[in-house]
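Taking it in order: structure first as structure tokens, then the write-up.
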Amino acid sequence: MPSSIPVTTPEQNAFVIHSITAARMNAADLGLLTQASVVIEHGKIAWLGTSSALPEAYQGLPQINGEGKLLTPALTDCHTHLVWAGSRAGEFRQRLHGASYQEIAEAGGGILATVKATREASESELFAQSLPRAKALLGQGVAHIEIKSGYGLSLKDELKQLRVARRIGNELPLKVSTTLLAAHALPPEFKDNADGYIDLVCNEIIPAAAAENLVDAVDVFCENIGFSRAQSERVFQAASANGLPVKIHAEQLSDQDGTALMAEYHGLSADHLEYLSEKGIAAMAKSGAVAVLLPGAFYFLRETKLPPVQALRDAGVPIAIATDANPGSSPLLQLPLMMHMACAFFRLTPEEAWLGVTRNGARALGEHNQGQLAVGQRADIALWNLTSPEQICYEFGINPLAQLWIEGVAV
Ligand code: DI6
Ligand code: FE
């Protein structure tokens, strides 16, 4: 049982939650601690241990009765594209009539349909359409979301998307990490000139986004319908030159060796990974990057090839789970449902699913001060109406969140 001597004196904004089962996320079994108490102070976890061992200095603080509920770190959704305009419901209908995702993309629909709508939307319209999506995640206990650009595909419109993402983080209590995904698709004005577009991304869009402090990481869609490994590498070089960490959409529809490239650039994560090879797994294991699995896209695209979960496990690669919220391949905003699907489709254990949306989700965003219940971590914590951790993976449709605190403030 961990305990620590308090280093600060308790203040008015400090409180204790007692009678909880704490899932510390410090071990493969989640490090459950029953009849526990946690002390929150200055927006951080100041103490955690069994209730009977609560230090005297904290005993006079306001007390919240956790009534035996499960307390976990708040959730992180480490891969979303939730700033977009318009709807692709018509494409869903086309797919029901037999068209594939690739065929729709090649015919100028798909991502480019959303690019058109996103370009046409003003910044305030884009914000108004996107805000409810972030609110939906917040209401499920998500305290940190990543938001990618990639539906602007021009200097002006990529920056517009990133500004909207930053504004969501400023207006809601949750934290937003922004990722520039200008290399998501080829815009119509660069048709047949992918290298010319990559020049624009590297020479103008990345430096401008970095200069305006609009971006926390850079991503590329490395795929036969996206960008080649060589083009992805040029984007990574520009990201590195601008001091930005990289991530990659890799091996989603085919194996392009993008994961190994990301590892060479010491990237944060490789995401999707259904077609990941042994070579890619070994590269990830060596680099320490996070494998982000996206069961929503697997489900919605009716993919049949499973990501190599057992090989990732055997290699000790940390696994995260996210929604991939986007209008084309994962039109959903339900992170607990992704925990269920990760278990049902990918055979993750409930413990792996929890680690995937807490500790490992945070790591995929380069965050080490959140995602665990431990002294010194940000007090982004969630109390759940759950009798056991696996219940959230088993049953869906009822929101089990009892209370969320972000930096120690009740939401
Ligand atoms: N992979 C995906 O699944 C999404 N983007 C990507 O690179 C799909 C985005 C869309 O269809 O709008
Ligand atoms: Fe994605």
Side-chain angles (χ1 to χ4, degrees), residues 77-92 94-95 99-119 129-130 133 145-153 157-158 161 165 177-187 201 217-228 231-232 235 246-254 256 258-259 262 268-276 290-303 305 307 320-333 335 338 341 361 364-365:
D77 190 349
C78 68
H79 182 142
T80 89
H81 307 244
L82 68 72
V83 171
W84 80 78
S87 162
R88 306 239 297 273
E91 285 181 11
F92 181 53
Q94 279 176 273
R95 287 187 44 227
S100 74
Y101 180 76
Q102 280 99 324
E103 281 161 3
I104 292 169
E106 280 156 12
I111 294 174
L112 291 184
T114 301
V115 169
K116 187 166 180 292
T118 302
R119 285 180 172 183
Q129 290 191 38
S130 306
R133 303 182 187 124
I145 56 178
E146 186 246 25
I147 301 178
K148 299 177 196 292
S149 68
Y151 292 122
L153 310 187
D157 294 297
E158 284 292 301
Q161 255 198 296
S177 291
T178 55
T179 300
L180 179 76
L181 178 60
H184 190 199
L186 201 55
V201 172
V218 172
D219 194 347
V220 180
F221 186 31
C222 181
E223 191 52 70
N224 50 24
I225 60 163
F227 294 92
S228 69
Q231 289 161 346
S232 303
V235 175
V246 301
K247 311 170 78 71
I248 194 161
H249 277 70
E251 342 305 357
Q252 179 186 6
L253 309 168
S254 64
Q256 303 285 326
T259 299
M262 175 284 303
L268 294 169
S269 71
D271 303 33
H272 286 287
L273 305 178
E274 282 82 348
Y275 290 80
L276 182 62
V290 177
V292 180
L293 303 184
L294 304 167
F298 174 90
Y299 153 78
F300 195 71
L301 295 182
R302 307 184 77 219
E303 181 59 66
K305 186 153 170 55
I321 298 165
T323 60
D324 196 17
N326 77 70
S329 69
S330 195
L332 46 90
L333 290 143
L335 192 56
M338 296 305 99
M341 286 191 181
L365 299 179

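These numbers come from the heavy atoms of this one structure, side chains and all, not from hydrogens, waters or symmetry mates. Counting convention: from 1, in listed order, for ligands and their atoms alike. Nothing here was measured: the structure is a model prediction, and the numbers come from that model.
Residue-level contacts of ligand 1 at the 4.0 Å heavy-atom threshold are H81, R88, Y101, I111, Y151, H184, F221, H249, Q252, H272, D324, N326, G328, S329.
Ring-plane geometry between H249 and H272 is classed as tilted, the angle between the planes lying from 30 to 60 degrees on a 0 to 90 degree scale.
Side-chain contact annotation: Y275 with E303, donor-acceptor N/O pair under 3.5 Å present. Between the side chains of E251 and T259, at least one donor-acceptor pair of N or O atoms lies under 3.5 Å.
Only protein N, O or S atoms were scored, and 4 of them lie under 2.8 Å from the Fe ion (ligand 2).
Evaluated for a side-chain hydrogen bond (donor to acceptor under 3.5 Å, both in side chains) with S149, the options E158, H81, H184, Q161 yield exactly one hit, E158. Of the listed residues (I321, I145, L365), just one forms a side-chain contact (heavy atoms from CB on, under 4.5 Å) with D77, and that residue is I145.
Listed by chain and residue number, E91, T114 satisfy the side chain to side chain donor-acceptor pair (under 3.5 Å) test with R88 (two or more places apart in sequence, or in another chain). By the side-chain contact (heavy atoms from CB on, under 4.5 Å) test, P187 is found to be paired with R119, L153, E189, F190, Y197, residues two or more places apart in sequence or in another chain being considered.
Residues F298 and L293 are not in side-chain contact: their nearest non-hydrogen atoms beyond the backbone lie 4.5 Å or more apart.
Aromatic pair F300/Y101: ring centres not closer than 6.0 Å.
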